[in-house]
Amino acid sequence: MELSKNYQHASLDDKWYKHWMDKQYFRSVPDERQPYTIVIPPPNVTGILHMGHTLNETIQDILIRRARMTGFNACWVPGSDHASIATEAKVVDMLKREKGIEKSQLTREEFLKHAYEWKDKYGGIIYSQIAKLGCSCDWDRVTFTMDDHYYKAVIKVFVDLYNKGLIYRGARMINWDPVAKTALSDEEVEYREVTGKLFHLQYNIEGSDEKITIATGRPETIMGDSAICVNPNDERYQHLKGKYAVVPLINRRIPIIFDEYVDKEFGTGALKVTPAHDLNDYNLGLKHHLEVIDTLHEDGTLNANAQIYVGEDRFAARKKIVAELKEKGILVKEEEYATKTAQSQRTNAVVEPRISTQWFVKMADLAKPALDAVVNGDVKIHPGDRFLATYRYWMENVKDWCISRQLWWGQQIPAWYDANGKFVVAATLAEAEQLYIETHGPLGDTKLTQDEDCLDTWFSSWLWPMEVFNGISQPGNAEAKYYYPTSVLVTGQDIIFFWVARMIMAGMEYEQEIPFQDVYFTGMVRDSQGRKMSKQLGNSPDLLEMIGHYGADAVRFGVMITAPAGNDLLFDMATVEQGQKFTNKIWNALKLVKMWNTTPSTSEAPTHFAVKWFESRLAQVQQEVIDLFKDFKLSEALKTIYSLIWDDFCNWYLEWIKPGYEQPIDANVHSKTIEFFEQLMQLLHPFMPHATEEVYHLLRERAAGDDLIVKQFATPGAINAAVLAEAELAKEVITGLRDLRNKSQYKPKDVIEVFIETQQQGAYADIQEILAKQVNATSISFTNDVVEKSIACVIGKDKFYVKSEIEIDPAAQKESLLKDLAYLQGFLVSVDKKLSNEKFVANAKPEVVEVERKKREDAEVKIKAIEESLKLL
RNA sequence: GGGAGUUUAGCUCAGCUGGUUCAGAGCAUCUGCCUUACAAGCAGAGGGUCGAUGGUUCGAAUCCGUCAACUCCCA
């Protein structure tokens, strides 16, 4: 069969993916093998795969493929989450744009119908992209966080936690997103440095001509003021004890209170207290029993409590109020100051602190076992303990979790209210009614209505490792028992609290067991200039386009080769090109091996040294890779395999065994070479599955079912250290002689004769032939004397003389030798210094001292050899 | 303000528990080669006082202290 000039990924990616699917290799069913389970961190349904996902999915596929080839029953569960805020925003936007419908015109049911339609249309895109990457997930197990069983599981957990007293309803100062009209968790708020303005406003003191000047960044909230607070140690305000101030514009009377919370140095040292619109003020209000006056609507416009500018947006109102205050002489000073604004991660709106009734999960009790699980090392975090401190800090200072969202897209909170606000929590209306009767008496005409709000998406995804196996909806079922706890979770370090910590909590609560043994944190993917990849910057490459152009394997190679665990990686298209070149290199090695004709091996034919060497070298790397996987050092493993294939196999091994032009190759050597090639493909397969599978099938005829994806790894063979050392010597001498040829300006075709002066002739016995071939020498012989009319050099401990027809340039020769000499003499001085240090000889380990002595001897031998050569010139 | 991380060749990064597999790899650069597998290639080479500064030690990129710059998390 004629093989194409270069590796053609285009048809092969799909061909092999289809083959694996047809053979059901991704399918996992419980059996007697040990399971190796990964649940995908569900990307949300709104999305397309970006580079962060690509890295993530590639890592998972590498782990799962390696496990599948190592005797495990590998199960990778794909899925996606409903992402309530993001998705609802997109659906609302789509309805407005495409159909001219406002959400407010729709009932909940109508809206959800649109949302599901939208999800069906776009939800699948991400799966096809994951498949394009070559990911071997079990597509029969696709799970969505709004699936029927999943929905029920979430509700079940809510009811259960409520009954355990771990969920409560409470008034709290929350982060309010006035655009999305929903509460945000602290984690969904981003703080940005901005230059704000501090306005100095004068409030009249009641019953006097005196004024007190306060400084505020938010003059539009003065109508919500319920006190002015000063530091009790502040001399300036001592006399105002018991007095009242008057809020400008609306002339409301408020007390002057004293609290050490106030910083005397900041602003004027007097703080207006607005409990409804600032978290710190709210706490101050609680302490001093102040009135809470909420002056804003949920969309951020002023409400009737504000008395003035009612209905105006908070920022428009600010401008007008400032103007009015200025006009009336109340605003006495404006100054700039550095502050931070809180903005919604989803809508970018400036977050409004707001008093609101929300549902909360009590975290303290749940956090304890989850903290212990990590501290004890039951859950191991990679890399190292780097995130342990962060995790511990968060868990020890964990705050209650606000889980209600003022949205429809999500699991509706199973709380049922009567007209008076009395409520019960139950999974269904029927159960709710039953419960209501039991707790509050007969229903009579009362109709129970369900809470309008839905639950935070994370309140569903924290059950992910359990409920993808129906572990919550059908506790103790066979699959859940078999697959849970899962093996490893691969995810971004940015969601350690959102998700990882909470999954551990849920696991400990419902299974009394950790959800995964290992957590592998990936870093953030940035562009080659270190910028975060984002749509705005347009620096995120299109994945499908990239796969189309370079091939899935090249893309996988590109993201993996520079991806140390937990560190950000600077993504550069050059690495994808490197990956493509790599597949091409393998392809060409295949072509070479396939074009050889063989000659029957004679029984007396000694095993080729190259074969002996590569056997050991391969075993050595196989062991290294095992160790690297143990530590989740995947990028290191890939680098190691890359170098083994390209450098050791292609550049050394194949050159060593390569027969002359149109010459046959020894059958034995050839079949060993095919075997090596297979093992190399096997090692590489988890990283670059398509190309390796293709090459594996081209190396020889395969029986049905003999596919690389399921070929089990054998235990690495024995490593012969002596052979490895000999090969290193060969490489060193070859490189040294080639360098000498280069420096002497020999052309590749110019032949040379080589004479070796050595104490260890035996070491060259096996490699002599290889040496001759690799440096284009007609002969390699040994000598005890100086060889006339030759160029000399020292490589390792031995001296080499190179003779050829070409005239030699003694000046250049001399220069080169002198350079070597100078270096060696300097080296000798440093070694001597060490050895003449009595403390070193006394304290250092004997083997270390021995090594230094050896260094000295070698250096002396070399110096002597160079000096001799110099004399000849 | 509190905490974590990073700083090694022009760039991106390895270097575990201190000592010839400690100064490494890959890109990039330079030189020579279109050598019948591969120019998407081959063969060579150059390049770093391991962020700064003290200390521990016979010996420090590696351990400890201080400082600087950058990044992230939390308030």
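Below, chains carry the letters A, B, ... as their sequence lines are ordered, and counting in each starts from 1. Quick note: numbers below take in every heavy atom, side chains included, and nothing from hydrogens, waters or symmetry partners.
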side-chain N/O A:K773 vs B:U35 OP1/OP2, d < 4.0 Å = no

Write down the distance separating the C1' atoms in B:C73 and B:U66, rounded off to the nearest Å.
-> 25 Å

Distance test, side-chain N/O of A:N651 to OP1/OP2 of B:A43, below 4.0 Å | yes

Got a sec, which residues hit side chain to side chain contact (heavy atoms under 4.5 Å, CB included) with A:N742, two or more places apart in sequence or on another chain?
-> none

Consecutive Watson-Crick or G-U pairs in runs of at least 3, all under 3.5 Å, in which RNA chain B is involved = B:1-7 with B:68-74, B:10-13 with B:24-27, B:29-33 with B:41-45, B:51-55 with B:63-67

Atom-to-atom span, CD of A:Q580 to P of B:G41 - whole angstrom | 10 Å

Could you measure between the two P atoms, the one in B:U53 and the one in B:U8, and give it in whole Å?
-> 15 Å

Looking at residues 726-736 of chain A, who's got a heavy atom less than 4.0 Å off RNA chain B?
-> A:T735

Listed in order of residue number, which residues of residues 584-591 of chain A have a non-hydrogen atom at under 4.0 Å from RNA chain B?
-> A:N584, A:K585, A:N588, A:A589, A:K591

Working to the nearest 0.5 Å, report the span between NE2 of A:H277 and CZ of A:R218.
-> 7.5 Å

Assign each of A:W596 and A:K633 to its nearest nucleotide of RNA chain B by heavy atoms, then name whichever residue's nucleotide is nearer the 5' end.
-> A:K633

In chain order, what residues pass the side chain to side chain contact (heavy atoms under 4.5 Å, CB included) check against A:H549, with sequence neighbours excluded?
-> none

State, without any angle test, whether A:K591 and A:N588 hold a side-chain donor-acceptor pair at a distance under 3.5 Å.
-> yes

Among B:A45, B:C33, B:G15, find the nucleotide with the atom closest to the side chain of A:D739.
-> B:A45

Round to a whole Å and report the spacing from CD of A:E577 to P of B:G41.
-> 10 Å

For A:E636 and A:Y7, take the nucleotide of RNA chain B holding the closest heavy atom to each; which residue's nucleotide lies nearer the 5' end?
-> A:E636

Answer yes if the side chains of A:Y520 and A:T491 hold a donor-acceptor pair under 3.5 Å, and no otherwise.
-> no

Report the distance from atom CG of A:L654 to atom CD1 of A:I645, rounding to the nearest 0.5 Å.
-> 11.0 Å

Name the closest nucleotide to the A:W646 side chain, picking from B:G44, B:C42, B:U36.
-> B:C42

B:G15 versus B:C63 - spacing of their P atoms, nearest Å | 12 Å

Sub-3.5 Å pairs of nitrogen or oxygen atoms, protein against nucleotides 20-26 of chain B:
from  : atom 1 : to     : atom 2 : distance (Å)
B:G26 : O2'    : A:Q578 : NE2    : 3.2

Qualifying residues under side chain to side chain contact (heavy atoms under 4.5 Å, CB included), relative to A:D631, sequence neighbours excluded = A:K633

A:E675: partners by salt bridge (Lys or Arg N to Asp or Glu O under 4.0 Å), with sequence neighbours left out = A:K672

Whole-Å P distance, B:A40 and B:U29 = 14 Å

Using the C1' atom in both, what is the distance from B:G26 to B:G47, to the nearest Å?
-> 15 Å

Between A:K5 and B:A39, is there a side-chain N or O to OP1/OP2 distance below 4.0 Å?
-> yes

Take atom P in B:A4 and the same atom in B:A45, then report the distance between them in whole Å.
-> 45 Å

Length of the line joining A:F571:CZ and B:C11:C1', which is rounded to integer Å | 16 Å

Can I get a per-line list of side-chain donor-acceptor pairs under 3.5 Å for residues 621-628 of chain A, giving both atom names and the distance, sequence neighbours left out?
from   : atom 1 : to     : atom 2 : distance (Å)
A:Q622 : NE2    : A:Q679 : OE1    : 2.9
A:Q623 : NE2    : A:D627 : OD1    : 3.3

Distance from A:Q774 atom CD to A:I734 atom CD1, nearest 0.5 Å?
-> 4.5 Å

Please identify each residue that fulfils salt bridge (Lys or Arg N to Asp or Glu O under 4.0 Å) with A:E655, with sequence neighbours left out.
-> A:K658

B:C33 versus B:C50 - spacing of their C1' atoms, nearest Å | 36 Å

Under the salt bridge (Lys or Arg N to Asp or Glu O under 4.0 Å) test, which residues partner A:D739, sequence neighbours left out?
-> A:K743

Atom P, compared across B:U62 and B:G55: separation rounded to whole Å = 14 Å

Proximal nucleotide (of B:G41, B:A37, B:C38) relative to the A:C650 side chain = B:A37

Conformer about C1'-N of B:U35 - syn within 90° of 0, anti elsewhere | anti

Would you mind reading off the distance between A:L638 atom CG and B:C27 atom C1', rounded to a whole angstrom?
-> 14 Å

Rounded distance in Å - CD1 (A:I381) to P (B:A4) = 16 Å

Aromatic centroids of A:Y642 and A:F557 separated by under 6.0 Å | yes

Gap between atoms CG and P, on A:L592 and B:C42 respectively (whole Å) | 13 Å

Rounded interatomic separation in angstrom, taking CZ from A:F497 and C1' from B:C72 = 11 Å

Measure the distance from CD on A:Q774 to P on B:C33 and round it to the nearest whole Å.
-> 20 Å

Given B:C33, is OP1 or OP2 found less than 4.0 Å from the side-chain N or O atoms of A:K747?
-> yes

Measure the shortest side-chain to side-chain distance between A:N175 and A:E352 over non-hydrogen atoms and say whether it is less than 4.5 angstrom.
-> no

Please check if the distance between the ring centroids of A:F677 and A:Y696 is under 6.0 Å.
-> no

Under 4.0 angstrom between A:K658 side-chain N/O and B:C42 OP1 or OP2 = no

A:D648: what forms a side chain to side chain contact (heavy atoms under 4.5 Å, CB included) with it, not counting sequence neighbours?
-> A:W613, A:F614, A:R617, A:L644, A:W652, A:K731

